[in-house]
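One structure below.
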Protein chains: 2
Amino acid sequence: MRSDMNDLTIGLGARKARAMRRGDRLKIAEAFSLRDLPLFANIDDETLSTLALEAKVESCEAGVTIFRQGDPIVSIVVVLSGFVKLMRIAPGGDETLIAIRANGETIVEPVMGPDETYGVSAETVGPTTIVKVPAARFARLAKESAALGAAVEQDAKNRIAGLVAEIESLKSQNADLRLANFILSLCPPGEEQCRFRLPYDKRLIAALLGVKQETLSRAFAKLREHGVRTETRDILVESVSRLVAQCEHLGRAMRPPERTGRLTRDNAA
Amino acid sequence: MRSDMNDLTIGLGARKARAMRRGDRLKIAEAFSLRDLPLFANIDDETLSTLALEAKVESCEAGVTIFRQGDPIVSIVVVLSGFVKLMRIAPGGDETLIAIRANGETIVEPVMGPDETYGVSAETVGPTTIVKVPAARFARLAKESAALGAAVEQDAKNRIAGLVAEIESLKSQNADLRLANFILSLCPPGEEQCRFRLPYDKRLIAALLGVKQETLSRAFAKLREHGVRTETRDILVESVSRLVAQCEHLGRAMRPPERTGRLTRDNAA
DNA sequence: CGCCGGGTTGATTTCAGTCAAGCAACGTGG
DNA sequence: CCACGTTGCTTGACTGAAATCAACCCGGCG
């Protein structure tokens with residue numbers, strides 16, 4: 001994990017655009033403006049420039065541990081490019097994937113109190129660039145700037161919504177259905193037919209969906225009969241709407257015709 | 001759902017204590033101070049009394065819907081006594097339980113922006129009393145009072161930690177193990193042998209653990225052989241430490257002797 | 001009484017995990 | 001350049017866990 005310069009200028013659109021066009025990862029990081037990150041999109045200039053002074057951009061190769069579950073929180077981390085996987089480590093040592101963060105997503109919920117520790121471990125998946133802001137500075141700024149505070153709150157809300165959705169799918173859908181929904185989430189909106197490349201390897205996808213890779217492979221095989229062509233890592237969805245329809249069928253197939261009773265109307269102690 | 005008076009005095013320890021001793025639910029609600037709720041424990045008096053003016057206490061019987069997924073957020077809700085179940089409703093109509101809130105827990109993440117909607121449905125489980133604060137007022141106060149803002153943030157953090165733990169257990173533990181951990185979470189800390197009553201019926205517990213009630217029943221049967229006596233709704237844990245040990249064994253039994261490779265060190269697109 | 005609703009139990013099926021083999025793509029070193 | 005090991009992915013045969021279907025028990029309660 002080597003640290004790069006921290007030229008976090010807050011408004012160099014042209015320079016950034018040039019870098020983006022070139023597609024050079026390092027250059028992108030260099031020219032990236034905090035303003036482009038959802039978390040900082042609506043922050044006042046003053047707060048943002050203070051933040052920029054404190055922020056450090058880092059480029060990591062694959063498999064680098066950014067922080068470990070239980071470590072004291074020293075930095076707020078945002079992903080600029082690449083992917084970071086978050087996982088829980090059980091006392092026994094086995095890891096369960098919780099989520100994968102990409103693009104402009106924040107990794108840890110910015111926390112206030114001191115003596116706080118990370119609730120998960122974070123590790124890069126493929127080459128990745130991130131921004132780190134010292135947690136203490138960040139907390140102080142979040143207190144002072146209403147806009148930043150609101151952004152943090154919104155971020156937490158998004159994260160909660162994501163986790164709730166994950167719990168829902170784990171509890172109520174089988175492997176095939178979860179995969180189908182995952183594929184759909186990758187399809188660019190509005191296109192009936194689409195072709196794209198899986199963002200990360202199938203082991204990771206399996207872990208994300210909560211199944212073994214063999215099971216995932218078989219799930220892909222089933223989807224093949226519903227218009228989803230796969231070639232190792234390239235996906236072709238022949239008809240998005242058809243796949244959506246299939247999802248509903250799969251869902252219906254799982255639960256018997258029509259349920260009469262809801263989830264109980266039981267009484268507590 | 002009938003609304004009671006909103007006598008939210010902020011410091012009547014003696015009166016509250018008396019009501020508590022009597023154990024009368026209505027009286028408790030009446031005498032309850034916002035100060036007793038974790039969310040408001042450290043708030044400045046001024047903010048708290050403003051809040052108290054806006055807050056309404058309500059007593060509900062079992063099976064009452066507090067709000068529905070997709071409804072615009074009008075109130076921040078905190079549980080005073082009883083239980084509230086939160087669930088997601090799929091388009092097809094089937095419900096999946098996400099969490100159960102009790103004691104002094106908040107139900108929804110307090111949100112700022114207008115036009116926000118509830119991400120889950122909330123319904124009482126057994127007779128329950130709750131406090132409602134209009135969302136708009138609450139948001140304004142949270143902006144103005146740093147202490148309240150911090151409390152909200154802490155609350156969100158707790159909620160995230162809980163959801164992450166639930167995902168972890170769903171992905172990495174079988175039904176027996178999840179039940180064992182659930183039982184352990186109900187045991188009062190520090191006691192080697194304990195006896196208590198399940199907080200809600202077994203259908204709900206099954207939904208919480210993400211299994212069918214039949215499976216839960218069998219899981220209880222297995223635990224019976226490990227020192228957990230059950231009599232419909234009453235539980236006797238003969239030895240907490242023994243149960244903890246069993247959990248580790250169950251965990252070890254699931255995953256083969258010793259894993260060499262970690263979760264992959266794969267590369268992204 | 002008889003009729004629930006909640007809980008248990010048993011028989012069977014379905015889904016996903018395990019074990020094991022095999023294949024294609026890739027990089028490395030001879 | 002090819003032999004080779006590695007890594008990611010797929011497939012098949014089998015096992016095991018949990019869902020399903022169904023019967024039954026038992027403690028209220030009209």
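Heavy-atom basis, side chains included; hydrogens, waters and symmetry copies ignored. Reminder, nothing fancy here: chain letters follow the sequence lines and each chain counts from 1. Since the model is a prediction, treat every value here as computed from it, not as a measurement.
- Looking only at atom types and distance, the side chain of B:S59 has no donor-acceptor partner in the side chain of B:T129 under 3.5 Å away.
- Under the rule for a side-chain hydrogen bond (donor to acceptor under 3.5 Å, both in side chains), the partners of A:T230 that lie at least two apart in sequence or sit in another chain are A:R224.
- For A:E238, the salt bridge (Lys or Arg N to Asp or Glu O under 4.0 Å) criterion is met by A:R229, A:R242, not counting sequence neighbours.
- Judged by the 6.0 Å and 45° rule, B:K85 forms no cation-pi pair with B:Y200.
- If you measure from atom CD of A:E231 to atom P of C:dA24, you get 13 Å, rounded to the nearest angstrom.
- Under 4.0 angstrom from either OP1 or OP2 of C:dC19 there lies no side-chain N or O belonging to A:K212.
- Every salt bridge (Lys or Arg N to Asp or Glu O under 4.0 Å) that A:R88 has, sequence neighbours left out, goes to B:E168.
- For A:D234, the side-chain hydrogen bond (donor to acceptor under 3.5 Å, both in side chains) test picks out A:R197, with sequence neighbours left out.
- Applying the side chain to side chain contact (heavy atoms under 4.5 Å, CB included) criterion to A:R101, with sequence neighbours excluded, gives A:V79, A:L86, A:A99, A:E105, A:R159.
- In this structure, CG of A:D234 is placed 18 Å from P of C:dA24, rounded to the nearest angstrom.
- A search for ring pair (Phe, Tyr, Trp, His ring centres under 6.0 Å) contacts involving A:Y118 returns A:F67, not counting sequence neighbours.
- In this entry the distance linking CG of A:N174 with P of C:dG17 reads 11 Å, nearest Å.
- The side chain of A:V211 lies closest to C:dG17 when the candidates are D:dC9, C:dC15, C:dG17.
- One can place CG of B:L179 at 11 Å from P of D:dA18, the figure rounded to the nearest angstrom.
- Screening residues 170-185 of chain B for salt bridge (charged side-chain N to carboxylate O under 4.0 Å, His left out), with sequence neighbours left out, gives A:E166-B:K171, B:D176-B:K222.
- Near-neighbour residues of DNA chain D inside residues 214-225 of chain B, defined by a heavy atom below 4.0 Å, number-ordered: B:E214, B:T215, B:R218.
- Taking the salt bridge (Lys or Arg N to Asp or Glu O under 4.0 Å) definition, one finds that B:R68 meets it with nothing, sequence neighbours left out.
- A:L198 places its CG atom 10 Å from the P atom of D:dT10, with the value rounded to the nearest Å.
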Under 3.5 Å between N/O atoms: give me all the protein pairs with nucleotides 25-28 of chain C, atom names plus distance.
none

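- Taking the salt bridge (Lys or Arg N to Asp or Glu O under 4.0 Å) definition, one finds that A:E192 meets it with nothing, sequence neighbours left out.
- Counting to the nearest Å, the P atom of D:dG27 and the CG atom of B:D201 are 17 Å from each other.
- Atom CD of A:Q213 is separated from atom P of C:dA20 by 16 Å (rounded to the nearest Å).
- The C1' atoms of five pairs define one axis at each end of the helix from C:dC1-D:dG30 to C:dG30-D:dC1, and these two axes lie 20° apart (to 10°).
- One atom, CG of B:L204, and another, P of C:dG6, lie 11 Å apart when rounded to the nearest Å.
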